[in-house]
Number of protein chains: 2
Amino acid sequence: MATTSRAERPPRRSRAERRADSIRQILDSAEELFAERGFHGVSLKDIAAHAGVHHTLVHYYFDDKNALVDAVFARRAPVSSKRRADALEAYEEACGGTPTVEGALHAFLDSDFELYLEHQEEWKHALALGAQVANTPDWGADIMEKHFDPVVRRLIELLKRALPGCSEADLFWGYHFVTGAFMLTLARTGRIDALSGGVCRSDDLLAAKQRMAEFMAAGFHAIAAQGGEGAASDRSLP
Amino acid sequence: MATTSRAERPPRRSRAERRADSIRQILDSAEELFAERGFHGVSLKDIAAHAGVHHTLVHYYFDDKNALVDAVFARRAPVSSKRRADALEAYEEACGGTPTVEGALHAFLDSDFELYLEHQEEWKHALALGAQVANTPDWGADIMEKHFDPVVRRLIELLKRALPGCSEADLFWGYHFVTGAFMLTLARTGRIDALSGGVCRSDDLLAAKQRMAEFMAAGFHAIAAQGGEGAASDRSLP
DNA sequence: ATTATCTATAGATCTATAGATAATGC
DNA sequence: ATTATCTATAGATCTATAGATAATGC
């Protein structure tokens with residue numbers, strides 16, 4: 001409101017603050033655009049324009065496009081994985097030595113759902129990007145392995161204890177089904193909206209959360225009970 | 001073996017045959033490369049080089065890149081959908097008016113699994129491309145809707161009859177989980193191979209087929225039984 | 001003096017098209 | 001005569017870098 005002449009306007013942000021700002025805006029824009037269009041569908045210039053910075057700044061702060069996408073992941077994945085590991089650990093203690101499939105899946109899935117439900121603005125693009133990476137063969141197999149496999153292995157160990165008679169192959173295929181359903185959910189493609197004529201919405205992750213763990217737990221019980229029948233193709237292994 | 005001078009070599013392929021050959025090779029290459037790297041990850045020049053044709057031929061036969069990917073889909077999707085529709089219809093007759101979730105899912109899923117298991121060379125890239133499109137928000141929502149939604153609606157109708165007490169929202173979310181797991185399976189990203197230390201293989205779709213329908217059917221039963229509990233978020237609808 | 005940002009540009013690659021050439025088929 | 005294929009090229013866009021400028025902070 002007060003008339004502030006341009007020359008007198010005090011510097012509001014320190015050098016370090018401006019640096020951090022630029023970096024954050026580049027990472028935010030990269031996260032959002034990569035999540036929408038994939039790695040190859042976005043140019044560095046698109047990202048710079050979306051971030052409101054000069055396009056050469058992207059190269060000033062990040063070596064190249066690959067380093068940028070790595071940095072985008074490095075900012076989010078450890079937070080998600082840590083919360084998950086904590087949730088699994090808390091459940092492991094709470095269950096008193098007798099874990100259930102339902103309990104393990106709730107701990108594993110709900111911590112990510114809650115990131116969306118409680119911090120939607122901050123996390124919605126990160127989760128969608130994770131989903132896209134998980135489903136893309138060429139880029140991101142390494143990323144998934146590096147950032148997520150350790151905590152997934154912990155889930156599998158819990159499931160093994162909850163289903164002692166279940167074969168390893170059944171456990172891994174069951175996890176595979178879970179992650180496929182989960183990643184499509186986080187991707188929020190909008191298809192369920194059109195298909196259901198508005199009965200369901202892609203961005204209603206509360207509805208997904210309320211169904212997913214129970215749905216998948218029942219699936220595990222079913223293939224564990226089915227037992228040896230599924231072993232036919234396993235015999236082809238050495 | 002016989003010495004055939006270049007001038008005398010008889011024309012082996014008619015004009016129409018060569019035309020069809022070129023088109024097929026462009027479509028095959030586009031299908032394979034799009035499936036591996038996504039729409040934006042492949043240039044028309046990459047496709048022409050892979051097909052062994054001059055890069056301008058791609059424009060001669062297809063208007064532009066979008067028309068090419070549409071043509072790739074138009075060649076496969078109706079075949080897959082027709083088989084599925086036939087399988088669902090056959091099951092509907094065979095079940096004698098009392099369909100089960102297991103039966104409907106087997107009919108729906110196994111017809112695509114069998115395309116892979118029985119015609120692997122011809123179909124493996126097409127199925128992986130379908131998977132990639134299904135999981136990508138920006139391109140392909142229309143494609144999925146146009147080519148696949150009619151037969152999906154038929155599946156939903158069957159499931160509704162198999163689970164008369166189940167809410168519409170539960171049915172659509174259940175289908176959503178099925179398609180997420182199914183698409184990740186068809187994508188064959190290789191992640192389950194690394195995660196399981198070789199116990200499971202991405203390309204062992206027989207193993208997936210032997211587990212998926214039973215797993216998912218149990219999931220439907222579980223959320224149908226859970227019933228009203230999941231309805232909390234549905235109340236937000238008009 | 002240091003460093004965040006911008007100017008200018010190289011060099012590669014991409015989609016697309018106009019027009020020439022060469023092979024088929026009447 | 002028709003049409004499949006190739007030559008040549010336009011025009012846009014992309015990643016990346018060298019070097020200049022301008023703002024901060026000592």
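We name chains A, B, ... by the order of the sequence lines, and we start the count at 1 in each one. Small disclaimer: the values here were computed from a predicted structure and weren't measured.
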task: Sorted by first residue and then second, give each ring pair (Phe, Tyr, Trp, His ring centres under 6.0 Å) pair with at least one member in residues 178-203 of chain B; sequence neighbours left out.
output: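 Qualifying pairs: B:Phe113-B:Phe182.
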- request: With B:Arg211 as the cation and A:Phe177 as the aromatic partner, state whether NZ or CZ is under 6.0 Å from the six-membered ring centre and within 45° of the axis.
  value: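 No; the conditions do not both hold, so B:Arg211 does not lie above the ring face of A:Phe177.
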message: Tell me whether A:Lys124 forms a cation-pi arrangement with A:Tyr116, defined as NZ or CZ under 6.0 Å from the six-membered ring centre and within 45 degrees of its axis.
response: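 The answer is no, since A:Lys124 fails at least one limit relative to A:Tyr116.
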Set out, line by line, the N/O atom pairs under 3.5 Å between protein and nucleotides 19-21 of chain C.
none

- request: Tell me the stems DNA chain D sits in, counting at least three consecutive Watson-Crick or G-U wobble pairs, each under 3.5 Å on both distances.
  value: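 For DNA chain D the paired stretches long enough to count as stems (3 pairs minimum) are C:1-24 with D:1-24.
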Separation of D:dT13 C1' from B:Lys65 NZ (nearest whole Å):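 Checked: the NZ to C1' distance equals 13 Å.
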query: What's the CD1-P distance between B:Ile47 and C:dC14, to the nearest Å?
result: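 These atoms are roughly 11 Å apart.
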Extract from the structure each pairing of a protein N or O with an N or O of nucleotides 6-10 of chain C at less than 3.5 Å, listing the distance.
from: C:dC6; atom 1: OP2; to: A:His54; atom 2: N; distance (Å): 3.3

- prompt: Does B:Leu117 offer a backbone N or O that forms a donor-acceptor pair with the side chain of B:Lys209 under 3.5 Å?
  reply: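 Pair absent, no side-chain N/O of B:Lys209 close to backbone of B:Leu117.
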Is [X] near enough to [N] that one of its side-chain N or O atoms lies under 4.0 angstrom from OP1 or OP2?
{"X": "A:Ser43", "N": "D:dC14", "value": "yes"}
{"X": "A:Tyr60", "N": "C:dT5", "value": "no"}
{"X": "B:Arg19", "N": "D:dA4", "value": "yes"}

message: So, using salt bridge (Lys or Arg N to Asp or Glu O under 4.0 Å) as the criterion, who are the partners of A:Arg188 when residues are at least two apart?
response: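 For A:Arg188, no residue satisfies salt bridge (Lys or Arg N to Asp or Glu O under 4.0 Å) once neighbours in sequence are set aside.
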query: By a strict heavy-atom criterion of less than 4.0 Å, which residues belonging to residues 23-37 of chain A are in contact with DNA chain C?
result: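 None - not one residue of the stretch has a heavy atom sitting under 4.0 Å from the strand.
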Any side-chain donor near an acceptor of the partner, B:Asp112 and B:Ser80, under 3.5 Å: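 B:Ser80 and B:Asp112 do have a side-chain donor-acceptor pair below 3.5 Å.
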task: Have a look at B:His50 and tell me which of B:Gln25, B:Lys45, B:Glu32 forms a side-chain contact (heavy atoms from CB on, under 4.5 Å) with it.
output: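 The single option meeting the side-chain contact (heavy atoms from CB on, under 4.5 Å) with B:His50 is B:Glu32.
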